[in-house]
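Structure record follows, encoded as structure tokens.
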Amino acid sequence: AFFSLGNKGNKMVATQWIPMEVLERREETSSMVSLKLVPVLEGARFDFQAGQCVKILCSDGHEATFAIASEPEEKQFIEFLIKDQEKTAAQELCQLKPGDPLKVSPAFGKGYPLEKFKSKDILLIGMGSALSPLRSALKAILRRAQQFGHITLVYGARTVDEIPYQSEFDLWAKKVDLHLAISQPRD
């Protein structure tokens, strides 16, 4: 394991880094890339809850926090939806290719308390790359859809071309009440 020091309040805390590598990189939109990462150590698992985040340590030493986009039941890899932004760690991540090494922190944050919502209707609302934690939650919910009430997803984007995971939206439209809010629709 690798460690780095950071500040938390007035205390120095160590981050334990998990060596990972890029398994797959896919352009989702003109400004968003999805990355699928796998642990370098064979047989390693990555445990997390829907809605949690990790820190990703880039090769230039910068670190940034990203919400996990993959379903929590999948332990062999983790996925992220990253918006390419100039002069940020995200820009470096968007340039990665399969086989490139990275270091990722263990998952942190409370995540979504999905167990509390059993038998209840669920409304998920997001836009842009904020789809990451919602995708994770929706995949976990759909795996056990019979345990929940009516499921609604409202997702916003400027244009239809800026909707990531297009094939998944097509599938979700068959399983949940899906509403797209497009702020700059084509004429």
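Because the structure is a prediction, the values reported are computed rather than measured.
- The backbone N or O of S70 sits less than 3.5 Å from a side-chain atom of S136, completing a donor-acceptor pair.
- Ion pairing of E115 with R144 is present here, as a side-chain N (NZ or NE/NH1/NH2) and a carboxylate O approach within less than 4.0 Å.
- Atom CG of residue L37 and atom CD of residue Q76 lie 14.0 Å apart, to the nearest 0.5 angstrom.
- Side-chain heavy atoms closer than 4.5 Å link hydrophobic residues (I, L, V, M, F, W, Y) into clusters, and following such links, possibly through other members, connects L131 to I182.
- For E92 (side chain) and S59 (main-chain N/O), a donor-acceptor pair under 3.5 Å exists by modelled atom type.
- Environment of CD in Q146: crowded, with over 12 heavy atoms of neighbouring residues, nucleotides or ligands closer than 6.0 Å.
- Listed here is the closest heavy atom pair of A107 and V54: CA-CG1, 3.8 Å.
- V22 is connected to V33 through a chain of hydrophobic side-chain contacts under 4.5 Å among Ile, Leu, Val, Met, Phe, Trp and Tyr, so both are in one cluster.
- The line from CD1 of I122 to OH of Y112 is 11.5 Å long, rounded to the nearest 0.5 Å.
- Residues A90 and I82 approach most closely at CB-CG2, 3.7 Å, considering heavy atoms.
- Although no hydrogens or angles enter the test, the distance criterion places a donor-acceptor pair under 3.5 Å between the side chain of R135 and the main chain of A69.
- A distance of 9.5 Å separates CG in L142 from CG in L153, rounded to the nearest 0.5 Å.
- In this structure, K75 does not pair ionically with E73, as no charged nitrogen and carboxylate oxygen lie closer than 4.0 Å.
- Between P133 and G51, the shortest heavy-atom contact is CB-CA, 4.0 Å.
- Note that the CD1 atom of I163 and the CG atom of L180 stand 4.5 Å from one another [nearest 0.5 Å].
- Here the side chain of Q52 pairs a donor or acceptor atom with the backbone of G109 at under 3.5 angstrom.
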L93 and I56: CA distance, side-chain angles, deciding distance, side chain to side chain contact (heavy atoms under 4.5 Å, CB included) verdict
CA-CA 9 Å; L93 292 173; I56 299 178; 3.8 Å; yes

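- Side-chain N or O atoms of S105 include one that pairs as donor or acceptor with a backbone N or O of K55 at under 3.5 Å.
- Between F66 and F80, the ring planes are perpendicular. Angles over 60° get that label, and only those under 30° would be called parallel.
- The CG atom of D161 sits 7.5 Å away from the OG atom of S30 when rounded to the nearest 0.5 Å.
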Stepwise, does the side chain to side chain contact (heavy atoms under 4.5 Å, CB included) test hold for Y155 with L134?
CA-CA 10 Å; Y155 180 74; L134 298 181; 5.8 Å; no

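- A donor-acceptor contact closer than 3.5 angstrom links the side chains of E28 and S34.
- Taking both residues in full, the closest heavy atoms of Q91 and Q85 are given as CB-O, 3.2 Å, listed atom of the first, atom of the second, then distance.
- Tracing side-chain contacts under 4.5 Å through hydrophobic residues (I, L, V, M, F, W, Y), one never reaches W17 starting from L23; they form parts of separate clusters.
- Taking all atoms of both residues into account, the shortest heavy-atom contact from Q16 to P106 is O-CD, 3.0 Å.
- M20 is not listed as a side-chain neighbour of K103, based on a closest heavy-atom distance of 4.5 Å or more.
- The hydrophobic cluster containing I141 also contains F117, counting ILVMFWY residues as joined when their side-chain heavy atoms lie under 4.5 angstrom apart, directly or transitively.
- With respect to the salt-bridge test (charged N to carboxylate O, under 4.0 angstrom), the residues K175 and D170 do not qualify.
- A donor-acceptor pair under 3.5 Å links the side-chain atoms of R25 to the main chain of L96, judged by distance alone.
- In terms of heavy-atom proximity, T65 sits nearest to C53 at CG2-CB, 3.8 Å.
- The backbone N or O of V160 lies less than 3.5 Å from a partner atom in the side chain of Q166, making a donor-acceptor pair.
- W172 and V154 end up in different hydrophobic clusters when Ile, Leu, Val, Met, Phe, Trp and Tyr side chains are linked at under 4.5 Å.
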Start with the C-alpha distance between T152 and H179, add both sets of side-chain angles, then the distance that settles side chain to side chain contact (heavy atoms under 4.5 Å, CB included), and finish with yes or no.
CA-CA 8 Å; T152 303; H179 299 273; 3.8 Å; yes

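- Panel note: side chain D121, backbone G149; no donor-acceptor pair is recorded below 3.5 Å.
- Annotation: the span from K83 atom NZ to E162 atom CD amounts to 7.5 Å, rounded to 0.5 Å.
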Residues Q95, D84; criterion side chain to side chain contact (heavy atoms under 4.5 Å, CB included); working and verdict:
CA-CA 9 Å; Q95 303 306 314; D84 193 355; 3.9 Å; yes

